[in-house]
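Below is one structure; the comments refer to it alone.
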Amino acid sequence: MSLHVILMGVQGAGKGLQAKLIEEHFGIPQVSTGDLFRAMRTRSDDLARKVQDIMTSGKLVDDDTTNAIVVDRLAQPDAQNGVILDGYPRNRVQAAFLESHLAEKGAGVNAVLLLELDLYTAFKRAFGRVTDADGGSYNYYYNADGVNFTWIADDSDCFPPRLEATLSEAGSMLKRRPDDASADAIIQRIDTFLETTRPLISHFQSSGKVLKINADQSIDAVWSDIRSALESL
Ligand code: AMP
């Protein structure tokens, strides 16, 4: 039997990290639409440029483009026993599309893991996060050990200071997602989550598929709750 799991939650809820753990444990790949769009950065065609501009603003990419990229990914050999969908579907159109696409393949959504987190914490997790080249994650507010964080003032004082981070020992510069560096883009993403993604919860709740997880815990504790929830399916 295939296992199709949707990971839902506001930005900063830890979807990406938990998806990796599910992937390792259950042997189904993580499909993150955000990662698929970010991978388009190396391209310079019109579509790739349009997608990058939308992402930087914190708005959503159009449904046709998003659904097409997901269909393409679900057709890959490693996705035949199921996937963990991270960041998709994000609205009703995408949810309806996904359900009918899976139904055509004789599959369906098995569970929706809802990572619950208050929005103030969500904001700090996104605004403060930086990553190293190996995917290691640090945070200005929550996990700053071993990192030198510096606010760099704008020369003209017209713009807010920029946050720079380097690993204290290695001295290497850490990366901050462009859409995390803008408070306005984060607020836009939280608003989009509240307005268009959160209504999906009731849609999936009506079919009894939503498993609620408290995301305001350590990574290990969240993972343990997720594992038990999925194993009880
Ligand atoms: P994420 O990494 O999931 O936070 O996604 C980063 C950005 O990619 C979002 O702010 C959107 O601009 C775009 N994106 C990711 N997934 C979707 C989706 N399912 N529908 C539309 N846009 C998306």
Side-chain angles (χ1 to χ4, degrees), residues 4-23 29-43 45-74 79 83-102 109 112-117 119 121-131 135-137 139 175-201 203-204 213 215:
H4 290 89
V5 178
I6 296 175
L7 261 180
M8 264 177 80
V10 69
Q11 40 139 39
K15 297 188 295 293
L17 232 153
Q18 295 298 332
K20 288 263 176 288
L21 297 171
I22 303 172
E23 177 175 282
Q30 169 197 24
V31 171
S32 154
T33 39
D35 284 351
L36 292 171
F37 288 137
R38 273 184 286 279
M40 289 169 80
R41 254 190 216 136
T42 48
R43 289 170 29 185
D45 52 284
D46 285 351
L47 176 64
R49 266 199 298 270
K50 188 179 96 181
V51 165
Q52 290 317 310
D53 286 349
I54 295 172
M55 288 179 79
T56 306
S57 75
K59 297 205 168 80
L60 291 184
V61 177
D62 66 276
D63 293 331
D64 287 347
T65 305
T66 308
N67 291 336
I69 208 170
V70 170
V71 167
D72 195 50
R73 182 64 187 86
L74 294 185
V83 290
I84 309 135
L85 290 159
D86 163 10
Y88 179 91
R90 258 179 157 94
N91 60 32
R92 284 181 189 280
V93 175
Q94 294 180 7
F97 179 86
L98 173 69
E99 286 178 313
S100 77
H101 179 71
L102 290 179
V109 174
V112 177
L113 287 168
L114 176 61
L115 302 192
E116 296 186 299
L117 187 69
L119 301 181
T121 308
F123 183 92
K124 286 164 80 179
R125 284 202 188 168
F127 194 63
R129 77 180 153 190
V130 287
T131 49
S137 193
N139 191 290
K175 273 213 294 210
R176 196 167 178 221
R177 275 170 47 170
D179 53 346
D180 283 344
S182 154
D184 183 52
I186 297 177
I187 288 168
Q188 175 78 51
R189 277 149 66 206
I190 292 178
D191 282 348
T192 305
F193 174 78
L194 293 177
E195 285 156 22
T196 66
T197 309
R198 204 166 59 168
L200 287 184
I201 298 165
H203 167 77
F204 286 114
I213 307 286

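We count ligands from 1, going down the list as the structure has it; atoms in each ligand are counted the same way. Just so we're clear, the structure is a prediction, and the values are computed from it rather than from any experiment.
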Go through ligand 1 atom by atom and flag the ones less than 4.0 Å from a non-hydrogen atom of T66.
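Numbered from 1, ligand 1 contributes 18 (C), 19 (N), 20 (N), 21 (C).
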Sequence neighbours excluded, every pair satisfying salt bridge (charged side-chain N to carboxylate O under 4.0 Å, His left out) that has a member inside residues 49-59 =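 As it turns out, the salt bridge (charged side-chain N to carboxylate O under 4.0 Å, His left out) pairs with a partner in residues 49-59, which skip direct neighbours, are D46-R49, K50-D62.
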Task: side-chain hydrogen bond (donor to acceptor under 3.5 Å, both in side chains) partner of Y88, chosen from T33, T66, N67 - done: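 Single pass found, and it is N67.
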Among all protein heavy atoms, pick the one closest to [atom] and tell me residue, atom and distance.
atom	result
atom 20 (N) of ligand 1	Q94 NE2, 2.9 Å
atom 19 (N) of ligand 1	G87 O, 2.8 Å
atom 6 (C) of ligand 1	R38 NH1, 3.7 Å
atom 22 (N) of ligand 1	V61 N, 3.0 Å
atom 15 (C) of ligand 1	R90 NH1, 3.4 Å
atom 16 (N) of ligand 1	T33 OG1, 2.7 Å
atom 23 (C) of ligand 1	F37 CE1, 3.7 Å
atom 7 (C) of ligand 1	M55 CE, 3.7 Å

Using non-hydrogen atoms of the residue, decide whether R177 is closer than 4.0 angstrom to ligand 1.
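Yes; R177 lies near enough to ligand 1 that a heavy-atom distance drops under 4.0 Å.
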Between K15 (side chain only) and M8 (backbone N and O only), is there a donor and an acceptor less than 3.5 Å apart?
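No.
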query: Do any N or O atoms from the side chain of T197 and from the backbone of L194 form a donor-acceptor pair under 3.5 angstrom?
result: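 Not at all, since once roles are kept as given, no pair shorter than 3.5 Å links the two residues.
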- Message: Quick check: K59 and ligand 1, any N/O pair under 3.5 Å apart?
- Response: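 Yes.
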inquiry  = My understanding is that only residues two or more places apart in sequence, or in another chain, count here; which of them pass salt bridge (charged side-chain N to carboxylate O under 4.0 Å, His left out) with D72?
reply    =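 D72: no salt bridge (charged side-chain N to carboxylate O under 4.0 Å, His left out) contacts found.
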Any donor-acceptor N or O pair under 3.5 Å, side chains E99, H4:
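Their side chains do not contain a donor-acceptor pair, so the 3.5 Å distance test is not met.
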Within the supplied structure, the quantity of interest is the number of heavy atoms (other residues, nucleotides, ligands) at a distance under 6.0 Å from R198 CZ; does it exceed 12?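 No, CZ of R198 has 12 or fewer neighbouring heavy atoms, counting only those of other groups under 6.0 Å.
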- Item | Salt bridge present between R189 and D180 (N-O < 4.0 angstrom) |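 Yes, R189 and D180 are salt-bridged.
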